[in-house]
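The residues of the chain are indexed from 1 along the displayed sequence.
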Amino acid sequence: MKKLLYIDSCVLRETSRTKRIADALVEHLLSTGKYVLEQLVLEDLGLLPLTSTTLARRNELRYAEQYDDAMFDLAHQFAEADEIVIAAPFWEGAYPALLKVYFEHISVVGIVNRYTDHGPVGMCRASKLHYVTTRGGFATDEQDLGWQNVKGLAKVYGIEHADCISVNATDVPTTDVDAAVAAAIAGIPQLIGE
């Protein structure tokens with residue numbers, strides 16, 4: 001079985017439109033019978049940004065190539081996933097801060113990528129990453145700095161295919177939000193190329 005890693009950075013979990021779409025995507029992937037699910041709810045992990053102390057400790061372990069420390073568990077989990085779903089609502093121009101903190105924790109040279117004279121080379125096993133987001137306004141995928149960042153990180157990590165499943169204008173009074181979310185869910189097989 002392949003490992004499907006679902007990273008949930010939704011903040012308003014009970015009412016999150018992003019989560020509804022991402023949950024449907026995950027259910028669709030699981031229905032193929034090819035995956036076993038590993039799910040992370042970022043607000044439940046108690047992650048803190050790296051500090052001078054924690055970064056010094058990480059660098060000490062990394063330079064000694066001691067990658068079996070618990071500090072690297074999230075990086076190993078990410079690197080060993082076969083497919084990845086990230087649920088991240090459009091938040092202040094990008095995504096929730098917890099997702100940035102998560103990326104700080106997993107971006108470990110020697111686990112998710114390595115450096116060569118020609119730049120970074122990804123070491124992650126995943127061939128696909130799906131980024132799911134909803135935006136209250138009319139920002140396009142190209143204007144969404146969160147998606148642009150994730151797309152760039154996917155390349156650094158060696159993930160060949162990254163796509164964005166998005167719904168816009170969810171805070172605009174004239175938008176039928178339930179219909180827009182339902183349309184995104186109905187379009188999942190086509191959006192992810194199945």
Side-chain angles (χ1 to χ4, degrees), residues 2-11 16-26 28-29 35 38-40 42 47 49-50 74-116 118-170 180-181 183-185 187-194:
K2 294 181 177 181
K3 292 181 185 176
L4 174 63
L5 178 59
Y6 177 16
I7 302 158
D8 180 356
S9 69
C10 298
V11 179
S16 174
R17 298 159 237 187
T18 300
K19 185 177 179 329
R20 282 174 35 204
I21 298 167
D23 285 352
L25 171 58
V26 168
H28 174 77
L29 292 169
Y35 299 96
E38 294 182 12
Q39 182 171 354
L40 296 175
L42 295 188
L47 294 177
L50 295 177
L74 290 174
H76 285 297
Q77 180 186 44
F78 189 91
E80 294 165 6
D82 294 293
E83 195 154 342
I84 298 166
V85 173
I86 298 175
F90 188 68
W91 203 263
E92 306 304 333
Y95 45 62
L98 275 175
L99 186 55
K100 170 63 172 131
V101 173
Y102 173 78
F103 285 132
E104 283 185 3
H105 282 267
I106 68 161
S107 293
V108 180
V109 175
I111 298 177
V112 298
N113 71 312
R114 60 186 172 83
Y115 288 112
T116 70
H118 305 288
V121 175
M123 297 172 63
C124 290
R125 182 168 42 197
S127 57
K128 290 183 180 179
L129 181 148
H130 310 285
Y131 184 78
V132 180
T133 191
T134 56
R135 305 179 191 110
F138 294 100
T140 65
D141 289 353
E142 291 73 30
Q143 294 168 325
D144 182 335
L145 300 178
W147 162 236
Q148 295 305 315
N149 178 247
V150 170
K151 185 167 54 168
L153 287 173
K155 287 180 185 176
V156 171
Y157 299 154
I159 301 170
E160 302 233 352
H161 176 81
D163 58 50
C164 182
I165 300 170
S166 61
V167 173
N168 285 346
T170 57
V181 168
I185 291 170
I188 282 172
Q190 180 181 358
L191 288 169
I192 65 172
E194 291 187 352

task: To the nearest 0.5 Å, tell me how far His130 NE2 sits from Ile188 CD1.
output: 10.0 Å
task: Any chance you could lay out the side-chain hydrogen bond (donor to acceptor under 3.5 Å, both in side chains) test for Glu83 and Tyr35, step after step, and finish with the verdict?
output: CA-CA 9 Å; Glu83 195 154 342; Tyr35 299 96; 2.3 Å; yes
- request: Give a yes or no on this: more than 12 heavy atoms of other residues, nucleotides or ligands lie within 6.0 Å of atom CD of Glu80.
  value: yes
- request: Classify the ring geometry between Tyr157 and Phe103 as parallel (under 30°), tilted (30 to 60°) or perpendicular (over 60°).
  value: tilted
message: Do Tyr95 and Leu145 make a side-chain contact, defined as non-hydrogen atoms from C-beta onward lying under 4.5 Å apart?
response: no
message: Are Pro49 and Glu104 packed together at the side-chain level, in the sense that at least one heavy-atom pair is separated by less than 4.5 angstrom?
response: yes
message: So which atom in Ala180 and which in Val167 form the shortest heavy-atom distance, rounded to 0.1 Å?
response: CB-CG1, 3.7 Å
message: Does any part of the side chain of Gln77, heavy atoms only, come nearer than 4.5 Å to the side chain of Leu5, both counted from C-beta?
response: yes
query: Which atom pair, heavy atoms only, marks the closest approach of Ile86 to Leu129?
result: CD1-CD1, 4.0 Å
- prompt: Does the side chain of Ile165 reach to within under 4.5 Å of the side chain of Tyr131, using non-hydrogen atoms?
  reply: no
field: salt_bridge(Asp82, Arg125) N-O dist < 4.0 Å
entry: yes
pair His105-Leu47: side-chain heavy atoms closer than 4.5 Å: yes
- prompt: Looking at CG of Leu29 and NZ of Lys2, how far apart are the two atoms once the value is rounded to the nearest 0.5 Å?
  reply: 10.5 Å
- prompt: Does any N or O in the side chain of Ser166 come within less than 3.5 Å of the main-chain N or O of Thr134, such that one atom is a donor and the other an acceptor?
  reply: no
query: Do NZ/NE/NH1/NH2 and the carboxylate oxygens of Asp144 and Lys151 come within less than 4.0 Å?
result: no
- prompt: Heavy atoms, side chains only, cut-off 4.5 Å: are Glu38 and Tyr6 in contact?
  reply: no
field: Evaluation steps, side-chain contact (heavy atoms from CB on, under 4.5 Å), between Cys164 and Thr133
entry: CA-CA 8 Å; Cys164 182; Thr133 191; 4.1 Å; yes
field: Value rounded to 0.5 Å, distance of CG in Leu98 from SG in Cys10
entry: 11.0 Å
- prompt: Please walk me through it: do His76 and Ile111 pass side-chain contact (heavy atoms from CB on, under 4.5 Å)?
  reply: CA-CA 6 Å; His76 285 297; Ile111 298 177; 3.7 Å; yes
message: Testing Val112, Ile84, Ile106 one by one against Cys124 for a side chain to side chain contact (heavy atoms under 4.5 Å, CB included), which residue passes?
response: Val112
message: Show the nearest heavy-atom pair for residues Ala184 and Ile21, with the distance to one decimal.
response: CB-CD1, 4.1 Å
- prompt: Asn113 side chain to Ser107 main-chain N or O, any donor-acceptor pair under 3.5 Å?
  reply: no
Main-chain N/O of Thr170 paired to Arg17 side chain as donor or acceptor, under 3.5 Å: yes
query: Under 4.5 Å between any side-chain heavy atoms of His161 and Asp163, yes or no?
result: yes
- prompt: Under a 4.5 Å cut-off applied to non-hydrogen side-chain atoms, are Gln39 and Leu4 in contact?
  reply: no
task: Begin from the C-alpha positions of Thr18 and Asp8 and carry the test side-chain contact (heavy atoms from CB on, under 4.5 Å) through to its verdict.
output: CA-CA 9 Å; Thr18 300; Asp8 180 356; over 6 Å; no
- line: Here the pair of heavy atoms bringing Ala154 nearest to Ala162 is CB-CB, 4.1 Å
- prompt: What do the steps show when you test Val85 against Ile7 for side-chain contact (heavy atoms from CB on, under 4.5 Å), and what is the final call?
  reply: CA-CA 6 Å; Val85 173; Ile7 302 158; over 6 Å; no
